[in-house]
Amino acid sequence: MNASEIHQRLSTNFGPAVLDAKLDALQPWIQIAPDAIGRVCQYLSAEPDLALDYLMCLSGVDYNNGTLGAVYHLSSITHRHKIVLKVSCPKDNPHVQSVSMIWGTADWHEREAYDLLGIVFDGHPDLRRILLPPDWEGHPLRKDYKVQEFYNGIRVPY
Amino acid sequence: MGILDLKFENSNVIITSVDRLLNWARLSSLYQMQFGLACCAIEMMAASASNFDIMRFGVIPRATPRQADVMIVAGTVTIKMASRIKRLYDQMAEPRYVLSMGSCSNCGGPYWEHGYHVLKGVDRVIPVDVFIPGCPPRPEALLEGLMKLQEKVRKESLAKKSA
């Protein structure tokens, strides 16, 4: 199944939750509303003719215009097709639905996106920092990040 | 040797000072704490292998800080790791020495500006005896650093702490 067929299926089933798409890109992507990503992903993984059974990567993005985003690279081992989903959320209230109960891969990837960009994945079973120490301040991959002066009495900047 | 040893019937007597004996013993068996942090650890392992054979200096890797004399900080010290390094150093028995190997542990290396997670020099948490430059230093450089440390140990005295 190609990208426009997947887009067609999502548009008929989820209508207003499908916000935008670019289907002639090298990796065709579909923009989804952040409060619908859980339903959409459940649908994409469960439908037998879509069967997007493999989450290749879940990335977090700071678009540097007041929005953060998550990008889902999905692939079907059964049907050998691929699609990219995107969601974006405001930086001052970054909430995206978790997909970790659909693909186990998403668990640590969402923790990483939370750790480095501060995106809160609603419904995640264990949303803690994964790389940085638990008492770290801020989310370092945000464009407006300022490193803290001291961490536990150790000077951080050069 | 002095006149004193000629007084003894057999010539197998050596006269020396306690300082020199202790320093000789210490510098000839600098047991190393066995851990590596990043790519410098690969060079450290190469230094242990047959071409460079760091064991001819008496450097034997020990898996616990309680049996180690020298800590070779080989690699990037993240801020998360810094407290562990400090704890390991505190667990070592005195006299204890630290070799900082490579740019990362010397001063932060390539992460000095944008590495929010990297400690900008391991000397911010533990005292360092010898800094070895390089990214990563070749095994020869590590051996040279070790010989510098041996020279430092050789000059120590029980009476007064050397700097």
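Chain letters run A, B, ... following the sequence lines, proteins first, then strands; residues in each count from 1.
Hydrophobic clustering of Ile, Leu, Val, Met, Phe, Trp and Tyr side chains at less than 4.5 Å, counting indirect connections, unites B:F52 with B:V130. Using a 4.5 Å cut-off between side-chain heavy atoms of Ile, Leu, Val, Met, Phe, Trp and Tyr, with links allowed through other members, B:L88 and B:V122 fall into the same hydrophobic cluster.
Other residues, nucleotides and ligands contribute only 12 or fewer heavy atoms inside 6.0 Å of the CE atom of B:M147. Atom CD of B:E144 is surrounded by 12 or fewer heavy atoms from other residues, nucleotides or ligands within 6.0 Å. Within a 6.0 Å radius of CZ in B:R56, other residues, nucleotides and ligands contribute more than 12 heavy atoms.
Between the side chain of B:R124 and the main chain of A:I154, no donor-acceptor pair closer than 3.5 Å is present.
For A:V147, the part sitting under 4.5 Å from any heavy atom of chain B is the side chain, from C-beta outward, and nothing else. For a residue to count as touching a neighbouring chain, one of its non-hydrogen atoms must lie under 4.5 Å from one of that chain's; by this rule A:Y158 touches chain B with backbone and side chain alike.
You'll find the side chain of B:Y116 reaches within 4.5 Å of the side chain of A:W136, heavy atoms only.
Note that the CD atom of A:Q148 and the CD1 atom of B:I79 stand 7.5 Å from one another [nearest 0.5 Å].
For the pair A:I130 and B:K80, the tightest heavy-atom approach, listed with the atom from each and the gap, is O-NZ, 4.1 Å.
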